[in-house]
Peer 1: 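I'd like to ask some things about the structure below.
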2 protein chains.
Amino acid sequence: MLMHNPPHPGEVVREFCIEPLGLSVTAVAKSLGVSRKTLSSILNGHAGISPEMAVRLSIAFGTSSESWMNQQSQFDLWRAEQHRAELNVERLVAA
Amino acid sequence: MLMHNPPHPGEVVREFCIEPLGLSVTAVAKSLGVSRKTLSSILNGHAGISPEMAVRLSIAFGTSSESWMNQQSQFDLWRAEQHRAELNVERLVAA
DNA sequence: ACGCATTGTAACGCGAGTCGTAACAGCTAT
DNA sequence: ATAGCTGTTACGACTCGCGTTACAATGCGT
């Protein structure tokens, strides 16, 4: 029932994980064990947080992997809900 | 922190949505607006519940799309957590 | 002013995942 | 036997995460 335009989870990573620690994108990517481009794509909203990436973030920053998964799936769901009307699904009842 | 082998969300769809109503897979697929193969793949655990499918299920069965998203992401996360050890991620601290 | 690090991004390929159609075999009920 | 439902295979289309490489732009220290 969350209706409002959630931020890309990548924004959250930058704002609440990287900036507070004063780290560079390059350094964080290296620690995460992914390419700089991969992390950059996430931070700038061009890619989502994959399940594997959620685990990486949880290790590197000492957070919970569930929170990253939840943020991402809420974001994905919000986009899908935008097209709820064009889905052409019939309501089901007992037969 | 959920540690236990979660069921494929497809199992849940069959057990708690389709069987109770006594509906056929074919009929449900038609109502959902997807192919019979697509639904069958989900029910038998060969495909996950996409964000769009979560919305379709929520319309057809009058459930919440969030619950389907959560079940799927918990399942995906559980699989990713199985490889937490081989991820080779460095713990980050302030610089 | 000059290097140097950092950053965003484009181009390309790879593998995985969702989805569709078409077709098949197996099952059950009429 | 005919019909319906089911799982599954094969094929292709599309999206997405990820890697490498390379480029342009920015900022910083000397």
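Throughout, a chain's letter reflects where its sequence line sits, starting with A, and its residues are numbered from 1. Note that the coordinates shown come from a computational prediction; the quantities given were computed from them, not determined experimentally.
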Peer 1: For L23(A) and dA5(C), what is the distance between atoms CG and P respectively, to the nearest whole Å?
Peer 2: 18 Å
Peer 1: In whole angstrom, what separates K37(A)'s NZ from dA24(D)'s C1'?
Peer 2: 16 Å
Peer 1: If we count only N and O atoms by modelled type, under 3.5 Å, do the side chains of E81(B) and S65(A) hold a donor and an acceptor together?
Peer 2: yes
Peer 1: Atom CZ of R36(A) to atom C1' of dT7(C): distance rounded to whole Å?
Peer 2: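 Computing the R36(A):CZ to dT7(C):C1' distance gives 6 Å.
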Peer 1: Can you tell which of dC18(D), dT9(C), dT9(D) lies closest to the side chain of H46(A)?
Peer 2: dT9(C)
Peer 1: Quick check on dC19(C): is either OP1 or OP2 less than 4.0 Å from any side-chain nitrogen or oxygen of T38(B)?
Peer 2: no
Peer 1: What's G45(A) touching, base or sugar-phosphate or nothing? Going by heavy atoms closer than 4.0 Å.
Peer 2: nothing
Peer 1: Any side-chain N or O of R14(B) under 4.0 Å from OP1/OP2 of dG7(D)?
Peer 2: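 R14(B) to dG7(D) OP1/OP2: side-chain N or O found under 4.0 Å.
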Peer 1: Whole angstroms only, please: what is the CG-C1' distance between L43(B) and dC5(D)?
Peer 2: 13 Å
Peer 1: Compare side-chain N and O positions of T26(A) against OP1 and OP2 of dT7(C) and report whether any pair is under 4.0 Å apart.
Peer 2: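 Yes, T26(A) has a side-chain N/O under 4.0 Å of OP1/OP2 on dT7(C).
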Peer 1: Are L21(A) and V93(B) side-chain neighbours, meaning at least one heavy-atom pair lies under 4.5 Å?
Peer 2: no
Peer 1: Provide, to the nearest angstrom, the distance between the CG atom belonging to L39(B) and the P atom belonging to dC5(D).
Peer 2: 14 Å
Peer 1: Would you indicate what S35(A) reaches in the nucleic acid, counting non-hydrogen atoms under 4.0 angstrom: base, sugar-phosphate, or nothing?
Peer 2: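 The residue S35(A) makes base contact.
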Peer 1: Take the protein atom CD1 of I42(B) and the nucleotide atom C1' of dG7(D), then report the distance between them rounded to whole Å.
Peer 2: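 Taking atom C1' of dG7(D) as the reference, CD1 of I42(B) is at 15 Å.
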Peer 1: Tell me whether R14(B) is salt-bridged to E11(B), with the criterion being a basic N under 4.0 Å from an acidic carboxylate O.
Peer 2: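 Answer for the salt bridge query: no.
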Peer 1: Using whole Å, report how far CG of N44(B) lies from C1' of dT9(D).
Peer 2: 14 Å
Peer 1: Does S41(A) have a side-chain nitrogen or oxygen under 4.0 Å from the phosphate oxygens OP1 or OP2 of dC18(D)?
Peer 2: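 Looking at the OP1 and OP2 atoms of dC18(D), neither is under 4.0 Å from any side-chain N or O of S41(A).
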Peer 1: Between C1' on dT6(D) and NZ on K30(B), what's the gap in Å once rounded to a whole number?
Peer 2: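 Checked: the NZ to C1' distance equals 15 Å.
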Peer 1: Classify S40(A) by what it touches in the nucleic acid, base, sugar-phosphate, or nothing, heavy-atom distance under 4.0 Å.
Peer 2: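 Base: the residue S40(A), judged by heavy atoms under 4.0 Å, touches a nucleobase.
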Peer 1: Identify which nucleotide among dG19(D), dA23(C), dG17(D) has an atom closest to any side-chain atom of A47(A), counting heavy atoms from C-beta outward.
Peer 2: dG17(D)
Peer 1: Nearest-nucleotide wise, let me know which of A27(B) and Q72(A) is further upstream toward the 5' end of DNA chain D.
Peer 2: A27(B)
Peer 1: Do V13(B) and I49(B) make a side-chain contact, defined as non-hydrogen atoms from C-beta onward lying under 4.5 Å apart?
Peer 2: yes
Peer 1: Can you confirm whether V89(A) sits close enough to L57(B) that some side-chain heavy atom of one is under 4.5 Å from a side-chain heavy atom of the other?
Peer 2: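 Counting from C-beta outward, V89(A) and L57(B) never come under 4.5 Å.
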